[in-house]
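Numbering of ligands and ligand atoms starts at 1, following listing order.
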Amino acid sequence: MNGLRLLGTGRALPEKALDNDAMTQYVDTSDEWITTRTGIRRRYFCAENETTTTLAIAAAQRALENAGLDPQAIDCLLVATSSGEYVMPSTACMVHKALSLREDIPAMDVGAACAGFLYAVETARALLIARGGRHALVIGAEQMSSLLDMSDRNTCVLFGDGAGAAVFSLEADAEYESVCGVRGDMAIRVGGPRREQPMAMDGQSVFRFAVSAIPQCVQQLLGKAGLALEDVDWVVCHQANQRIIDASVRRLGVPAEKFYKNLDRYANTSAASIPIALDELREQGGLATGMRIIMVGFGGGLTWSGIMMRV
Ligand code: ACO
């Protein structure tokens, strides 16, 4: 099977971190409420000189460095984001220029909310197979703070800004499985006809969706590969809420330690959360060559996606 192998990762966060107490300057909330309902303790928000673009570029530079790959070897660039600085040009076009990538490659943004990074990875694989080429740079980058209503306590405490990037190579014998899906639904929305509506969310219906999407994706991937969860070293889910991950662990009946968690430090960074987690895992020495990982994204749309691969 034509699968992808992970060659390198990188991440970038804004300089300014806000703990839960800092959120009380915006809304009537408390560290106790946020911690017990979500597991979140801290998030990063962009300052004026930081944007989805600057974070995406910094994360991509680190991923290329970590992969030890010349930027000229990149055959395909995808940026998963719902918070691009401009509608046009795409964030991918600006990253392409900053990194001086080759002109004869596709570069575009992918919009699938928090499932976006894995949608982008799968799109990159399809593009490499269809067009030829070996290396893909895939980035998840978000300035979620630009989409928030800072007077809405139902949403503003949940999200953070950041970017993660990964370099992949297409290999004929690489083990790889993927699933994805969509159920048109407005449970989380932002924008509107004049882009006038900030983020709004029906938290409880998103919660119910998420706790069924994660186990479903994991089981579908294992079923396709004929494997059991014991054969997998890490499950890296989209980092939205500690209770969502805990409920998924219970449904699957697996050890909680298999699920990587860092949402306490970053909150929900949407499309950036999975590549940020991958980069942390790699940095901590948790991703040895040959390990098998499952990644699962879910989010607005509603969208979901899962990929199983060896690193
Ligand atoms: N601080 C204090 N109180 C709050 C806050 C806050 N930040 N936010 C809500 N409350 C209050 C509510 O007003 C409500 O008060 P009331 O009972 O007087 O009306 C009370 O807390 C309970 O509210 P619920 O909505 O029932 O709280 P719940 O336990 O469901 O937790 C939460 C809310 C955390 C949003 C949860 O539903 C959740 O995590 N849902 C999933 C959301 C998610 O993960 N979204 C992102 C995924 S997709 C994507 O990433 C785009």
Trainee: Do NZ/NE/NH1/NH2 and the carboxylate oxygens of D75 and R102 come within less than 4.0 Å?
Mentor: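 Yes, charged N to carboxylate O under 4.0 Å.
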
Trainee: Between D279 and R282, is there a side-chain N and carboxylate O pair less than 4.0 Å apart?
Mentor: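 Counted as a salt bridge, because a side-chain N and a carboxylate O are separated by less than 4.0 Å.
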
Trainee: Which is it for F207 and ligand 1 at heavy atoms under 4.0 Å: side chain, backbone, both or neither?
Mentor: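 Within the 4.0 Å criterion, F207 contacts ligand 1 through backbone and side-chain atoms alike.
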
Trainee: May I ask you to identify, for A113, whether its side chain, its backbone, both or neither come under 4.0 Å of ligand 1 on a heavy-atom basis?
Mentor: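 Under 4.0 Å from ligand 1, A113 contributes no heavy atoms.
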
Trainee: Are any of the side-chain nitrogens in E283 or R11 under 4.0 Å away from the carboxylate oxygens of its partner?
Mentor: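 R11 and E283: salt-bridged.
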
Trainee: Only heavy atoms of I244, strictly under 4.0 Å: list the atoms of ligand 1 that pass.
Mentor: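 Under 4.0 Å from I244, ligand 1 has these atoms: 44 (O).
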
Trainee: Could you walk me through whether V157 and I40 pass the side chain to side chain contact (heavy atoms under 4.5 Å, CB included) test, one step at a time?
Mentor: CA-CA 9 Å; V157 302; I40 295 164; over 6 Å; no

Trainee: Answer with side chain, backbone, both or neither: which part of M201 has a heavy atom less than 4.0 angstrom from an atom of ligand 1?
Mentor: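 The part of M201 near ligand 1 is the side chain, not the backbone.
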
Trainee: Is R183 paired with D185 through a side-chain N to carboxylate O contact shorter than 4.0 Å?
Mentor: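 A salt bridge is absent here (no side-chain N lies under 4.0 Å from a carboxylate O).
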
Trainee: Do T155 and D152 get their side chains close enough for a donor-acceptor pair, meaning under 3.5 Å?
Mentor: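 Their side chains do contain a donor-acceptor pair, which is all the 3.5 Å distance test asks for.
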
Trainee: Looking at atom 24 (P) of ligand 1, what's its closest protein heavy atom, distance included?
Mentor: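 For atom 24 (P) of ligand 1, the nearest protein heavy atom comes out as Q204 NE2, 3.6 Å.
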
Trainee: Do me a favour and list the nearest non-hydrogen protein atom to atom 43 (C) of ligand 1 with residue, atom name and distance?
Mentor: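 Nearest neighbour among protein heavy atoms for atom 43 (C) of ligand 1, to 0.1 Å: V206 CG1, 3.8 Å.
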
Trainee: For atom 11 (C) of ligand 1, what is the closest protein heavy atom, and at what distance to 0.1 Å?
Mentor: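 The closest heavy atom on the protein side is R153 NH2, 3.7 Å.
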
Trainee: Return yes or no for this condition: an N or O of G203 is under 3.5 Å from an N or O of ligand 1.
Mentor: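 Yes - when backbone and side-chain N and O of G203 are compared with those of ligand 1, one distance drops under 3.5 Å.
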
Trainee: Assess, by modelled atom type and distance only, whether the side chains of H135 and S169 contain a donor and an acceptor separated by less than 3.5 Å.
Mentor: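 No, because no side-chain N or O of H135 sits under 3.5 Å from a partner of the opposite role on S169.
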
Trainee: Does the side chain of E142 come under 3.5 Å of the side chain of S83 through a donor N or O and an acceptor N or O?
Mentor: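 Present: a donor and an acceptor within the cut-off.
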
Trainee: Hey, which atoms in ligand 1 end up nearer than 4.0 Å to a heavy atom of V157?
Mentor: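 Contacts of ligand 1 toward V157, numbered from 1: 7 (N).
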
Trainee: Among protein heavy atoms, which sits nearest to atom 48 (S) of ligand 1, and what does the distance come to when rounded to 0.1 Å?
Mentor: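 Closest protein heavy atom to atom 48 (S) of ligand 1: I188 CD1, 3.2 Å.
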
Trainee: With a 3.5 Å cut-off and no angle check, do the side chains of E85 and T52 form a donor-acceptor pair?
Mentor: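 No, because no side-chain N or O of E85 sits under 3.5 Å from a partner of the opposite role on T52.
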
Trainee: Output yes when the distance from some N or O of ligand 1 to some N or O of T38 is under 3.5 Å, and no in every other case.
Mentor: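 Among all N and O atoms of T38, none is under 3.5 Å from an N or O of ligand 1.
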
Trainee: I'd like to check the salt bridge (charged side-chain N to carboxylate O under 4.0 Å, His left out) partners of E65; sequence neighbours left out, ordered by chain and number.
Mentor: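 Here no residue qualifies.
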
Trainee: For atom 35 (C) of ligand 1, tell me which residue out of L158, V190, V211 has the closest non-hydrogen atom.
Mentor: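 Minimum heavy-atom distance to atom 35 (C) of ligand 1 goes to L158.
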
Trainee: If you measure every N or O of S30 against every N or O of ligand 1, does any of those distances drop under 3.5 Å?
Mentor: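 S30 vs ligand 1: no N/O contact under 3.5 Å.
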
Trainee: Might you check, step by step, whether the distance between atom 46 (C) of ligand 1 and some protein heavy atom is under 4.0 Å?
Mentor: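 Yes, there is a protein heavy atom closer to it than 4.0 Å.
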
Trainee: How far is atom 9 (C) of ligand 1 from its nearest protein heavy atom, and which residue and atom name does that atom have?
Mentor: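 Its nearest protein heavy-atom neighbour is N154 OD1, 3.2 Å.
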
Trainee: Going by the atom numbers of ligand 1, which of them fall below 4.0 Å from some non-hydrogen atom of A240?
Mentor: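 Those of ligand 1 that fall under 4.0 Å from A240 are 44 (O).
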
Trainee: With a heavy-atom distance limit of 4.0 Å, tell me whether V27 approaches ligand 1 through its side chain, its backbone, both, or neither.
Mentor: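 Neither part.
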
Trainee: Does the pair F45 and M150 meet the rule for a side chain to side chain contact (heavy atoms under 4.5 Å, CB included), with working shown?
Mentor: CA-CA 12 Å; F45 281 172; M150 292 307 291; 3.8 Å; yes

Trainee: Distance-only criterion, 3.5 Å: show the donor-acceptor pairs between side-chain atoms of residues 107-121 and protein atoms not counting sequence neighbours.
Mentor:
from	atom 1	to	atom 2	distance (Å)
D109	OD1	T91	N	3.3
D109	OD1	A92	N	2.8
D109	OD2	T91	N	2.9
D109	OD2	T91	OG1	3.4
Y119	OH	G181	O	2.8

Trainee: In this structure, does ligand 1 have an atom that sits under 4.0 Å from one of the heavy atoms of M23?
Mentor: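 Flag not set, M23 not near ligand 1.
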
Trainee: Starting from atom 39 (O) of ligand 1, what is the nearest protein heavy atom, named by residue and atom, and what distance separates them?
Mentor: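 Going atom by atom, the protein heavy atom closest to atom 39 (O) of ligand 1 ends up being N241 ND2, 2.6 Å.
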
Trainee: Is atom 17 (O) of ligand 1 less than 4.0 angstrom from some protein heavy atom?
Mentor: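 No, no protein heavy atom sits under 4.0 Å from atom 17 (O) of ligand 1.
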
Trainee: Could you tell me how the ring of F209 sits relative to the ring of W304: parallel (under 30°), tilted (30 to 60°) or perpendicular (over 60°)?
Mentor: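 Tilted: the ring planes of F209 and W304 meet at 30° to 60°.
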
Trainee: Near G299, which atoms of ligand 1 are under 4.0 Å from a heavy atom of that residue?
Mentor: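 So the answer, numbered in order with elements, is 48 (S).
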
Trainee: Any chance the side chains of Y266 and E280 put a donor and an acceptor closer than 3.5 Å?
Mentor: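 Distance-only check passes for Y266 and E280.
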
Trainee: Students should be able to answer this: which protein heavy-atom is nearest to atom 22 (C) of ligand 1, and at what distance?
Mentor: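 I find the closest protein heavy atom is R37 NH1, 3.5 Å.
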
Trainee: Of the listed options (E32, R243, M199, H238), which comes nearest to atom 31 (O) of ligand 1 when hydrogens are ignored and any heavy atom counts?
Mentor: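 Minimum heavy-atom distance to atom 31 (O) of ligand 1 goes to R243.
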
Trainee: So between C114, S82, G300, whose heavy atom ends up nearest atom 49 (C) of ligand 1?
Mentor: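 Among C114, S82, G300, the closest heavy atom to atom 49 (C) of ligand 1 belongs to C114.
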
Trainee: Heavy atom of N268 under 4.0 Å from ligand 1?
Mentor: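 It does; at least one heavy atom falls under 4.0 Å.
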
Trainee: Going by distance alone, is a donor N or O of one side chain under 3.5 Å from an acceptor N or O of the other, for R43 and N268?
Mentor: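 Judged by distance alone, the side chains do not pair up.
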
Trainee: Which heavy atom of the protein is the closest neighbour of atom 33 (C) of ligand 1, given with residue, atom name and distance?
Mentor: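 The closest one turns out to be W33 CH2, 4.0 Å.
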
